[in-house]
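Down below is the structure, laid out as structure tokens.
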Number of protein chains: 2
Amino acid sequence: MAVATDEVERRIDSLSHALRASGLRLTHQRLEVVREVAQSDRHPDVESIYRAVRERVPTISLDTVYRTLATLDGLGLVKRVTATPGPARYDANTAHHHHFVCTRCGLIRDVDDQELDAVSAARGAAPFGSVESIEVQLRGICNDCRTKERDHD
Amino acid sequence: MAVATDEVERRIDSLSHALRASGLRLTHQRLEVVREVAQSDRHPDVESIYRAVRERVPTISLDTVYRTLATLDGLGLVKRVTATPGPARYDANTAHHHHFVCTRCGLIRDVDDQELDAVSAARGAAPFGSVESIEVQLRGICNDCRTKERDHD
DNA sequence: GTTACTGCAAACTTTTTGCACGACA
DNA sequence: TGTCGTGCAAAAAGTTTGCAGTAAC
């Protein structure tokens, strides 16, 4: 668990309130799916979340995980990350932040940086529509992949 | 065709050279797939490219389009766009640029902006790896979706 | 007690792969 | 002519959906 315990608690609390406010039910399955996503800062995909939650809720089904994540996304409690091709991945950090993306292995890590936060809606985007959020993707090679590359020399 | 004819020509030229340099064959199918992607600035998905190319090469198969795009991506002649969930989309603009993304309909448009180009590799990313490229995603609602929204009031 | 949610199974969409024929160099 | 690329078909991967039983409120 790489996310601080109190932040995990805060995220789970926020879930309960948001569900109640929307008239949705706080089920065991939803709670455990959120707990799983909230604990991780690795932007896990649906399959990983499913496997992890099943350790605690052995009867949960994959489609419930899909449905739960879609519901939570709709409520703004998690965000679907679209930085890599392939399986859907989710992020419980709903605060404004940026991403480092490894183009080799697909690692995604949150980047908090005030300089990047200061990037403002470009004039270049004005003709297309109204900008509501800005995310900077820093693409490159992660430390692990770089090390592996050296080992193969 | 929204991309200037001479730019399309330049991209097709660049294909021929790159394929030859890699010892790959310049087939009719590859040429027409590139022409299709190079002509468009809408970041088409594989299915759209397939449909469009089939008008000129009726016998082409969908899996050839998939394979061709993967090959071209490997050579750096097109880039797979990972800004929206769902089907793979491709961009023939391999120059450094940014994207406006409509979160409602999935529209993606290239944004050229010197201010955004000036965004530099954040210190915040340093611990994770080496940054090789930076893309800014400007997310919001496009003009068309905004208009539709008003019409439904 | 209602009604929304879940699990199961099946369907659907998107993408990949094996193989034999045909076309490029 | 040799070999790579294509088309076909089937499979694999990822995601969605209908339905009947179950659990939350």
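Each chain gets a letter, A, B and so on, in the order the sequences are listed, and its residues count up from 1. Not measured: the values here are computed from a predicted model.
Looking at B:Glu135 and B:His99, their side chains come closer than 4.5 Å, going by heavy atoms from C-beta outward.
One can place CG of B:Asp73 at 13 Å from P of C:dT15, the figure rounded to the nearest angstrom. If you take CG of B:Leu31 and C1' of C:dA23, they are 15 Å apart, rounded to a whole angstrom. Between B:Leu19 atom CG and D:dT6 atom C1' the separation is 15 Å, expressed in whole Å. Distance CZ (B:Arg89) to C1' (C:dT14): 15 Å, rounded to an integer number of Å. Rounded to whole angstrom, the span from the OH atom of B:Tyr50 across to the C1' atom of D:dC8 amounts to 11 Å. A:Arg51 has its CZ atom 14 Å from the C1' atom of D:dG14, to the nearest Å. If you measure from atom CD of A:Glu32 to atom P of C:dT6, you get 12 Å, rounded to the nearest angstrom. What separates CD of B:Glu47 from C1' of C:dC12 is a distance of 13 Å, to the nearest Å.
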Taking protein heavy atoms under 4.0 Å as touching, what does nucleotides 16-25 of chain D look like 5' to 3' if B marks base contact, S marks sugar-phosphate-only contact and - marks none? BBB----BBS

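Using a 4.0 Å cut-off, no side-chain N or O of A:Thr64 falls inside it from OP1 or OP2 of C:dT6.
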Going by atom type alone, with no hydrogens or angles, which donor-acceptor pairs under 3.5 Å involve a side-chain atom of residues 73-83 of chain A and a protein atom two or more places apart or on another chain?
from    : atom 1 : to       : atom 2 : distance (Å)
A:Thr82 : OG1    : B:Ala83  : O      : 3.1
A:Thr82 : OG1    : B:Arg139 : NH2    : 3.1

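When each of B:Val65, B:Val57, B:Asp63 is paired with B:Ser61, the side-chain contact (heavy atoms from CB on, under 4.5 Å) condition holds for B:Asp63 and for no other.
With respect to the salt-bridge test (charged N to carboxylate O, under 4.0 angstrom), the residues A:Glu132 and B:Arg146 qualify.
Nearest heavy atom pair, residue B:Arg30 against residue B:Arg25, reads NH1-O, 2.8 Å.
Across C:dT6, D:dG7, C:dG7, the shortest atom-to-atom separation from the side chain of A:Ile60 is found for C:dG7.
At a cut-off of 3.5 Å, with distance as the only test, no side-chain donor of A:His97 or A:Asp112 sits close to an acceptor on the other residue.
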